[in-house]
Amino acid sequence: MNLEKLEQSIYDLVTETSTNLPKDVRRAIKKAKDAENAGTRAAMSLDTIATNIHMADDNISPICQDTGLPTFKIKTPVGVNQIEIKKVIKKAIASATADAKLRPNSVDSLTGANSGDNLGEGLPVMKFEQWENDFIEIKLILKGGGCENKNIQYSLPTELEGLGRAGRDLDGIRKCVLHSVYQAQGQGCSAGFIGVGIGGDRSSGYDLAKEQLFRHVDDTNPNPDLAKLEDYILEKANTLGIGTMGFGGEATLLGCKVGVMNRIPASFYVSVAYNCWAYRRMAIDVDATTGEIKNWHYQDGEKISFKEEPQTEEPKSEKKVVELTAPISEEQIRSLNVGDVVKITGRMYTGRDAIHHHLMSHDAPVDLNGQIVYHCGPVMAKDENDHWTVKAAGPTTSIREEPYQGDIMKKFGIRAVMGKGGMGPKTLAALAEHGGVYLNAIGGAAQYYADCIKSVDGVDLMEFGIPEAMWHLSVEGFTAVVTMDSHGNSLHADVQKSSLDKLALHAERVF
Ligand code: SF4
């Protein structure tokens with residue numbers, strides 16, 4: 001086989017997967033966008049997502065800065081050397097990382113050291129199968145951490161919050177799948193897609209669930225019972241009112257695919273793989289001799305470009321829009337309320353897991369008094385003049401900082417933290433005590449936010465690696481929503497409560 005050509009084909013697959021959302025996913029997002037109520041925060045979020053999708057496509061840059069854990073599924077004709085393919089995949093992944101098509105995401109699980117090239121023990125994930133066709137099929141999914149962390153596995157029978165007993169039958173499965181959407185709330189960057197695996201053991205059940213994410217969004221399950229279940233879940237999940245980013249609204253789930261396999265009598269697992277709206281999966285067929293791409297998958301139907309999409313009106317019907325520039329006073333912060341939209345201009349600093357852990361026992365490298373800390377691990381590249389440029393910079397999941405956030409805000413005088421998915425009671429109490437707010441940026445809108453960043457003015461703590469370093473950013477018109485304020489209010493807690501009430505309406509047997 002021509003290995004050089006094969007490497008180029010895999011590089012193209014990685015780039016396309018990271019930067020160009022598949023047509024079926026675009027159509028699902030467009031449908032949700034058209035159904036959302038104009039002028040709401042959810043509609044504004046969907047506008048931002050749509051803008052982000054076409055920017056990523058135009059710039060050939062990552063749709064979301066979290067380019068996930070690359071997982072390849074490869075089918076080869078008998079006789080093809082799989083060891084050579086593995087080596088080529090690794091080379092293509094390293095090149096795509098060097099070209100900022102992927103964020104360096106592979107870290108040593110014990111030390112946290114970032115390999116810098118997305119390689120390392122067990123990564124990328126590569127699963128091979130033989131088949132009787134004469135060409136190679138290579139599928140790739142880039143699934144980020146925010147949604148991966150919302151995967152869930154149920155062992156039946158079980159008791160579910162809001163839904164009661166889930167037994168070992170189709171109705172019990174129904175309850176688990178509906179519950180999986182509820183428990184994800186907006187934290188996996190809703191509106192999302194779910195793959196469900198029924199049966200197997202714990203690991204094969206999750207594999208089956210993830211495999212469902214390779215199905216077409218608009219296909220129909222050949223098993224009539226499962227087809228009915230998929231339709232039911234899609235309809236009912238969208239009555240829970242969780243909405244895009246968990247802001248409330250009509251679009252909570254964009255797709256549900258269910259697969260089934262046998263199990264042993266003692267176990268009954270329902271495994272759910274939750275994928276965010278940035279549903280990046282693609283596949284190619286490759287000539288087994290020349291290494292060239294013969295066919296791209298997911299090419300059926302219309303491609304929505306989102307270029308000419310009308311923007312929704314500002315969410316004035318819900319709350320006010322406030323201009324914010326750091327340093328911010330306590331008085332300014334206390335005037336903000338849940339639901340307000342902020343447009344930030346000026347300085348902000350990135351900080352995520354390693355920085356929060358570090359700041360607990362060290363001084364800050366800069367004066368953070370009155371400042372905004374952005375939970376973000378950007379994709380960065382150096383230009384020809386050795387200046388850093390931002391390639392992708394959406395928010396990361398904030399709840400991971402819950403053990404530290406309140407203490408750090410109080411210790412350094414930070415007035416606003418921004419990320420996605422909300423934070424818990426400890427942070428909410430600290431916001432009230434100290435005078436702070438939590439801002440929810442639109443998860444996955446990495447290109448949109450990168451465009452708001454006008455310069456990179458410095459960086460500290462680079463020893464933690466690019467995603468974890470503290471980047472000093474100057475921004476303009478950086479939009480986010482106040483979802484936790486200094487008066488003890490949390491939109492996340494409110495949406496969780498109201499969605500639980502709605503979930504409970506589905507406790508009666510259906511199947
Ligand atoms: S869209 Fe959200 S959940 Fe998906 S990869 Fe990006 S940050 Fe993670």
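Note that ligands are numbered from 1 as they come in the structure, with each ligand's atoms numbered from 1 the same way.
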Which residue holds the protein heavy atom closest to atom 5 (S) of ligand 1, what is that atom called, and what is the gap in Å?
-> Arg280 NH2, 3.1 Å
Can you pull out the closest protein heavy atom to atom 7 (S) of ligand 1? Residue, atom name and distance to 0.1 Å, please.
-> Lys420 CE, 3.4 Å
Protein N, O or S within less than 2.8 Å of atom 4 (Fe) of ligand 1, waters excluded |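 Atoms qualifying: Cys276 SG.
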Would you please name every residue forming a side chain to side chain contact (heavy atoms under 4.5 Å, CB included) with Thr345, sequence neighbours left out?
-> Thr325, Glu476
Would Arg26 count as a cation-pi partner of Phe306, with NZ or CZ less than 6.0 Å from the six-membered ring centre and within 45° of the ring normal?
->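 Because its charged atom misses either the 6.0 Å distance or the 45° angle limit, Arg26 does not stack over Phe306.
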Measure from NZ or CZ of Arg202 to the centre of the six-membered ring of Tyr206 and say whether it is under 6.0 Å with the direction within 45° of the ring axis.
->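 Output no; distance or angle outside limits.
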For His358 and Glu468, does a side-chain donor sit closer than 3.5 Å to a side-chain acceptor?
-> no
Would you mind reporting whether Arg280 and Leu21 have side-chain heavy atoms less than 4.5 Å apart?
-> yes
Residues which pass side-chain hydrogen bond (donor to acceptor under 3.5 Å, both in side chains) with Asp219, listed by chain and number, not counting sequence neighbours = Arg215, Lys257
Determine all donor-acceptor pairs shorter than 3.5 Å in which one atom belongs to a side chain in residues 186-196; sequence neighbours excluded.
residue, atom, partner, partner atom, Å
Gln187, OE1, Lys150, NZ, 2.7
Ser190, OG, Gly243, O, 2.7
Ser190, OG, Met245, N, 3.1
Ser190, OG, Gly246, N, 3.4

